[in-house]
**Q** 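Pasting a structure below so you can have a look.
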Protein chains: 2
Amino acid sequence: MVTDSLDARVDEILKNLGHRATGPRRKVARLLASKRGAFSAESINEELPGVGRATVYRTIRLLAEAGVLCRALLPDGSPRYSIDHSWHHHHLICSSCETVEEFRSSELERLLCELSDEIPGRVLGHQVDFYLTCPDCLQ
Amino acid sequence: MVTDSLDARVDEILKNLGHRATGPRRKVARLLASKRGAFSAESINEELPGVGRATVYRTIRLLAEAGVLCRALLPDGSPRYSIDHSWHHHHLICSSCETVEEFRSSELERLLCELSDEIPGRVLGHQVDFYLTCPDCLQ
DNA sequence: GTGCTTGCAAAGAATTTGCATAATT
DNA sequence: AATTATGCAAATTCTTTGCAAGCAC
């Protein structure tokens with residue numbers, strides 16, 4: 001599982017990116033690895049009183065840019081991060097509890113690819129989000 | 001065109017929503033109607049020194065909730081508004097100049113509908129964004 | 001040792017809220 | 001007259017930055 005390897009491979013990941021493996025970064029990575037779903041940067045900050053806010057935000061950005069984390073936007077635009085399982089995926093976002101789930105569809109991917117060819121300009125990527133009331137929130 | 005009617009029909013739109021047709025709201029609507037593409041709330045605020053910031057933000061939110069405006073999120077999560085031409089559409093967002101264009105595909109819509117049925121929970125809506133470098137920014 | 005990192009606090013950016021005043025119906 | 005709306009400033013929220021002191025390599 002990627003969740004395990006994040007914690008175990010932080011040092012390697014960081015060095016490959018030309019960054020140093022430090023204590024605070026390992027602490028952040030260890031906490032992220034323990035997270036199931038999506039989380040906000042602030043929530044990580046609150047759970048790590050021993051690490052400065054700036055370091056938490058910087059590390060999360062670092063890992064997001066490295067592709068270790070992926071970012072989803074809630075309907076109001078606020079970002080949530082989650083471990084990127086590296087297969088390309090989209091998001092199912094519950095408007096009620098703000099839970100973010102992953103979603104994949106090869107058929108959708110194929111169509112998006114086709115459409116990309118028809119779009120003027122150079123398509124860099126796409127993002128598909130479904131906003132919903134999740135089964136839990138439906139009671 | 002919807003662009004024309006927004007300016008002309010603000011009073012009607014507001015009253016249908018149970019709100020009052022006021023001078024500041026008309027000023028905001030008139031400016032919005034003159035906009036071609038997407039804009040930020042702040043940019044509208046800056047262009048209307050005679051109207052308070054709070055009123056600008058409140059009016060934009062009012063019109064967005066009424067479906068007169070639609071909101072797109074830039075890759076960093078910051079919102080951009082544009083006149084909603086009421087046909088369901090998606091967005092082509094230039095990562096370089098931040099221009100937002102509309103995009104429609106009946107084939108995409110059909111597939112998203114099908115997928116919605118397979119998704120657990122009650123799907124409320126979806127959002128598809130293509131991030132790209134627009135023809136202008138490609139030089 | 002040299003240079004990247006950290007943590008703190010301050011700075012920012014964007015948006016919302018409280019409240020007395022003003023305008024609409 | 002009864003409310004709703006406005007505008008200003010202050011408050012919020014989330015995130016970034018400056019910089020001296022501290023680590024990693």
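Each chain gets a letter, A, B and so on, in the order its sequence line appears, and its residues count up from 1. Both backbone and side-chain heavy atoms feed into the values below; hydrogens, waters and symmetry mates do not.
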**Q** Which comes earlier along DNA chain D counting from the 5' end, the contact point of Arg25(B) or that of Ala54(B), where each point is its nearest nucleotide?
**A**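 Its nearest nucleotide lies further toward 5', so the answer is Arg25(B).
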
**Q** Between atom CZ in Arg58(B) and atom P in dT6(D), what is the gap in whole Å?
**A**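 Atom-to-atom, Arg58(B) to dT6(D), this comes out as 7 Å.
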
**Q** Among dT16(D), dT16(C), dG7(D), find the nucleotide with the atom closest to the side chain of Arg61(A).
**A** dT16(D)

**Q** Quickly work out the Asn45(B) CG to dA9(D) C1' distance and round it to whole Å.
**A** 14 Å

**Q** Could you tell me the separation between the CZ atom of Arg53(B) and the P atom of dA11(D), rounded to a whole number of Å?
**A**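 Taking atom P of dA11(D) as the reference, CZ of Arg53(B) is at 15 Å.
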
**Q** Is any N or O donor-acceptor pair between the side chain of Arg20(B) and the base of dT3(D) shorter than 3.5 Å?
**A**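 Present.
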
**Q** Would you indicate which nucleotide in dA5(D), dT15(D), dT6(D) comes nearest to any side-chain atom of Pro79(A)?
**A** dT15(D)

**Q** For Gly50(A), answer base if it contacts any base atom (sugar-phosphate contacts may also be present), sugar-phosphate if it contacts only those atoms, and nothing otherwise; contact means non-hydrogen atoms under 4.0 Å.
**A**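 Sugar-phosphate, backbone atoms only, no base.
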
**Q** Does a side-chain N or O from Tyr57(B) land closer than 4.0 Å to OP1 or OP2 of dT16(C), or not?
**A** no

**Q** So which nucleotide from dT15(C), dT6(D), dC14(D) ends up closest to the side chain of Glu42(B)?
**A**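 Looking only at side-chain atoms, Glu42(B) lies closest to dT15(C).
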
**Q** Gly18(B) near the nucleic acid: base, sugar-phosphate alone, or nothing, with a heavy-atom cut-off under 4.0 Å?
**A** nothing

**Q** Rounding to an integer number of Å, can you tell me how far Asn16(B) CG sits from dT25(C) P?
**A**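 Atom-to-atom, Asn16(B) to dT25(C), this comes out as 14 Å.
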
**Q** Think Lys15(B) has a side-chain N or O under 4.0 angstrom from the OP1 or OP2 of dT25(C)?
**A** yes

**Q** Measuring from the side chain of Thr22(A) (C-beta onward, heavy atoms only), which nucleotide among dT15(C), dG7(C), dA24(D) has the closest atom?
**A** dA24(D)

**Q** Given atom CG of Leu74(A) and atom C1' of dT13(D), what is their separation to the nearest angstrom?
**A**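 It works out to 14 Å between those atoms.
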
**Q** Could you check Leu62(A), Thr22(A), Val68(A) and say which one makes a side-chain contact (heavy atoms from CB on, under 4.5 Å) with Leu14(A)?
**A** Leu62(A)

**Q** Could you please spell out the steps behind the side chain to side chain donor-acceptor pair (under 3.5 Å) verdict for Glu109(B) and His89(B)?
**A** CA-CA 9 Å; Glu109(B) 232 47 58; His89(B) 63 266; over 6 Å; no

**Q** Under a 4.0 Å threshold between the charged nitrogen and the carboxylate oxygen, would Lys35(A) count as salt-bridged to Glu47(A)?
**A**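 Salt bridge present between Glu47(A) and Lys35(A).
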
**Q** Ring centroids only, cut at 6.0 angstrom: are His88(B) and His126(B) within range, meaning strictly under it?
**A** yes

**Q** What integer distance in Å separates Glu98(A):CD from dC14(D):P?
**A**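 Value for this atom pair: 10 Å.
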
**Q** Rounded to whole angstroms, how far apart are CD1 on Ile44(B) and C1' on dT15(C)?
**A**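 Computing the Ile44(B):CD1 to dT15(C):C1' distance gives 15 Å.
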
**Q** Salt bridge check, Asp11(B) against Arg25(B): does any charged N sit closer than 4.0 Å to a carboxylate O?
**A**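 Salt bridge: no.
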
**Q** Without decimals, in angstroms, what is the distance between Tyr81(A) OH and dC14(D) C1'?
**A**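 So the OH-C1' distance, Tyr81(A) to dC14(D), works out to 10 Å.
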
